[in-house]
Amino acid sequence: MAGTEVSAAAPVSAAPPVRRRSGRTRLQAFYPLLIGLPAIAIVLVAQGYPLVRQFVMSFQEFGLAQQFGQDAPWVWFDNYTRVLSDADFWAVFARSIVFCAVVAGLTMVIGVLTAWLLTGVRTWARVAVQSAMLLAWATPHLSSLTVWQWLFNPSSGVVNAVLVGLGLEGFDNHAWLLDPLSFFVIAGAVIAWGSVPLVLFLTYAAMTQVDTSLYEAAQLDGAGPLQRFRHITIPGIATVLMLVATLQIIWDLRVFTQISVLQTAGGISSETNVLGTYVYQIGLGQGEYGQGAAVATIMLLLTLLLTGLYVRQLVRQGDDA
Amino acid sequence: MATSSTTAPSSGTAAGPAGPRRRRQPTSRLLGRGARNIGALLLALLWVFPIYWMVNSSLQPDEVLYGSEPQFWPSPFTGDNYTRIIGDSSFWAAMRMSVIATALAVAMALVSAVLAAAAISRFKFRGKGPVVLTILVIQMIPAEALFISQFRMLDGWGLINSVLGLSVLYAGASVPITIWMLKGFVDGIPYELEEAGQIDGCSKLGAFLRITLPLLAPGIVASGVFALLSAWNEYVLALVVLQRESAATLPLWLARYNTSFEATDWGGLMAASALVAIPVIIVFLFVQNKMANGLTAGAVKG
């Protein structure tokens, strides 16, 4: 991709600039900025300004009084110290990290193992898995969330009915969302169900690109399927794995929709908040905009830290090309 | 994606035509092909079950739905759940809002992103590296970390509960990724074509508009659909911006419908979930191949 850019740009920079420099150099220097302007404007309004405003707000006393027009006094790091000395925040922080690690890890393991499984099945089986995964991938989050709530409905849900049918009488009218642990099991299951397909499709595509002769050579040397998977497949798709894993971590760390919807469906929010829903609760729920902004800034820094890995990976690949 | 991967294995790994021959070799005995096929089938069933259950439940009458035993097939079949949702004016109000917000957001994002992608791909300018890096980083800013000030900004402009305010936020959220995808597509169109046009008397912009833009159509469709799907499915910003009960996009409407009755109308919810999902699934199936390619164009070589 960057390769085509270089090859396309090279002849331009070699010959035409001589022609260009003659008259309209100044104007041409502004061309990219000029045609990029609409995009810059939209991003500045929707993301740039709110980002700066929120960063400023995190250093101000900004509560309900300020919302009704009072000046917002500067309190510098007060919001941060208040947040960071709050046990609630640390519980939410730890919960978010653990939840993200478990769900992202599980998604990666299931996705990669499924991709590997697909490399050795008949066409009908592969098409069946790919079709099912495609459907799950395309289903809007709110649709799938609604269905999963119905699956795990205490009184008429199919999961409880099947479990009772298997002789586990304790699951009769069992309310899954009330207990924080099973709340997160369901939230994690919905998220993994929806994100395994992307992992599967990307890693499977990468696996089919691995050089076949490597497998043949390994087989001649007596390597079994597991050894071939470990020593050829995994290194062969390492770059893709890194990228996909980073994306999963970023997405699962900032999860909001699934948690928020399941909370209104019966979860106890004080025991099931993650960073995103915590920001919402403090900021928009309680009107403590300053503190909410501080938590959001901390969350943003955490995401950027992880994003740094992803961006470095992308930039490095651009350099290779 | 699926199409590309169905053709790929023959040239790729141990799968495909080469597979059956290898099955007889001793090293593959560990996990026989039969076991793998069955495993794959179970996995497919597991993944499709929630969707099957949504459709199955949406076609059952209440007395079966809340009966003592779950029915795995809609044998007393009914379309009542669908007629109830389709007859609900709030569903159509939400549909209208979703369609308008999505259309506005996609239009804004596409027009601005095509121009920006052209600028990045076709011009050499100082600070280009940082610009591309900024696009990548902005794309990663979570909506969850910005919505407080986005809410306050729209509130200050009187745009809370407004579809315009919502679509500006949607456009802002999808512009970076749209530029990123389109840049990949523009890079794929040889610049020599535009140069030829310029020699024939087109201006630089004219050459881009007349030669590259038509060739870019598949890329525009793919990235447009990507922006369309993310706006159609969006929930967080809708929840923040649309505070009034009467204003809702489809995802928000679905969440509110769930809690608006004392006893949840599960049949109706399943029908509504299916109605929200069907357009997305249809569009998705048509373009998923190009979309996945576009997404990975910059990220994954090969």
Side-chain angles (χ1 to χ4, degrees), chain A residues 1 4-5 8-9 32 35-36 38-39 42-43 46-47 50 53-54 117 119-122 125 128-130 132-133 135-136 138-143 146-147 150 156 158 161 201 204-205 207-209 215 224-225 240 243 254 256-257 261 264 276 283 289 292-293 296 299-300 303 307 311 314, chain B residues 1-2 5 8-9 12-15 27 30 36-37 40-41 43-44 47-48 50-51 54 66 70 112-113 115-116 119 123-125 136 140 142 144-146 148-150 153 168-169 171-172 175 184 187 191 233 235-236 251 254-255 259 266 269 273 276-277 280-281 284 297-300 302:
Chain A
M1 181 213 91
T4 47
E5 178 194 303
I35 58 183
I42 291 176
V43 171
Q47 311 255 75
R53 187 72 194 79
Q54 184 152 293
L117 186 76
T119 60
V121 295
R122 292 204 176 278
V129 173
Q130 283 174 336
M133 291 281 175
L135 282 174
T139 305
H141 289 163
L142 256 294
S143 292
T146 317
V147 179
W150 173 231
S156 307
V158 64
F201 285 119
Y204 180 70
M207 279 182 193
T208 57
Q209 304 283 330
Y215 288 101
V240 178
L243 280 173
R254 67 200 229 186
F256 178 93
T257 306
V261 170
T264 53
Y289 293 91
M299 185 181 170
L300 185 65
T303 315
T307 309
V311 171
L314 284 180
Chain B
M1 199 84 235
S5 39
T13 61
T27 40
L30 199 68
R36 280 193 182 205
N37 283 331
L41 186 65
L43 206 68
W47 244 260
V48 90
I51 296 171
M54 167 170 81
Y66 305 119
S112 62
L115 294 173
F123 285 91
K124 290 197 101 177
F125 54 90
L136 281 171
M140 287 297 128
E144 292 73 20
L146 277 188
I148 289 187
S149 57
Q150 284 173 327
M153 178 180 82
V168 168
L169 296 189
V175 160
D187 286 342
Y191 185 67
N233 293 339
Y235 175 75
V236 187
L254 204 51
T259 47
W266 284 107
L269 268 174
S273 304
V276 172
V280 179
I281 290 178
F284 200 91
V300 185

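Just so it is clear: chains get the letters A, B, ... in the order the sequence lines come, proteins before strands, and each one is counted from 1. From a predicted model like this one, the values you see are computed outputs, not experimental measurements.
For the set A/Pro38, A/Ala39, A/Ala296, A/Gly36, the count of heavy-atom pairs under 4.5 angstrom toward chain B peaks at A/Ala39. Between chain A and the options B/Pro251, B/Ala171, B/Pro70, heavy-atom pairs under 4.5 Å are most frequent for B/Pro251. Contact tally against chain B (heavy-atom pairs below 4.5 Å) for A/Ala125, A/Ser156, A/Ala132, A/Pro140: the top residue is A/Pro140. Most heavy-atom pairs under 4.5 Å with chain A: of the set B/Ser149, B/Ser112, B/Ser273, this distinction falls to B/Ser149. Comparing B/Leu254, B/Leu146, B/Ile281, B/Leu169 by heavy-atom pairs within less than 4.5 Å of chain A, the highest count is held by B/Leu146.
The two residues B/Val168 and A/Ile42 come nearest to each other via the heavy atoms O-CG2, 4.5 Å. Between A/Tyr289 and B/Ile148, the closest heavy-atom pair is CD2-CG2, 3.5 Å. In this structure, A/Val129 and B/Ala40 approach most closely via the heavy-atom pair CG2-O, 3.1 Å. Scanning all heavy atoms of the two residues, the minimum distance from B/Gly172 to A/Gln47 falls at O-NE2, 3.7 Å.
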Practice task
Please step through side chain to side chain contact (heavy atoms under 4.5 Å, CB included) for the pair B/Leu269 and A/Trp150, ending with a clear verdict.
Solution key: CA-CA 9 Å; B/Leu269 268 174; A/Trp150 173 231; over 6 Å; no

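Contact of the A/Val121 side chain with the B/Arg36 side chain is registered, since non-hydrogen atoms from C-beta on lie closer than 4.5 Å. Residues B/Val280 and A/Thr139 fail the side-chain proximity criterion, which asks for heavy atoms closer than 4.5 Å. Side-chain contact between B/Met153 and A/Arg53 is absent, with no heavy atoms from C-beta onward closer than 4.5 Å.
Only the side chain of A/Thr303 comes within less than 4.5 Å of a heavy atom of chain B; its backbone N, CA, C and O stay farther away. In this structure, chain B has a heavy atom under 4.5 Å from the backbone of A/Ala293, while its side chain stays farther away. Of the two parts of B/Tyr66, the backbone and the side chain both hold a non-hydrogen atom closer than 4.5 Å to a non-hydrogen atom of chain A.
Rounding to the nearest 0.5 Å places CZ of B/Phe284 at 10.0 Å from CG of A/Leu135. In this structure, OG on A/Ser143 lies 9.5 Å from CD1 on B/Ile51, to the nearest 0.5 angstrom.
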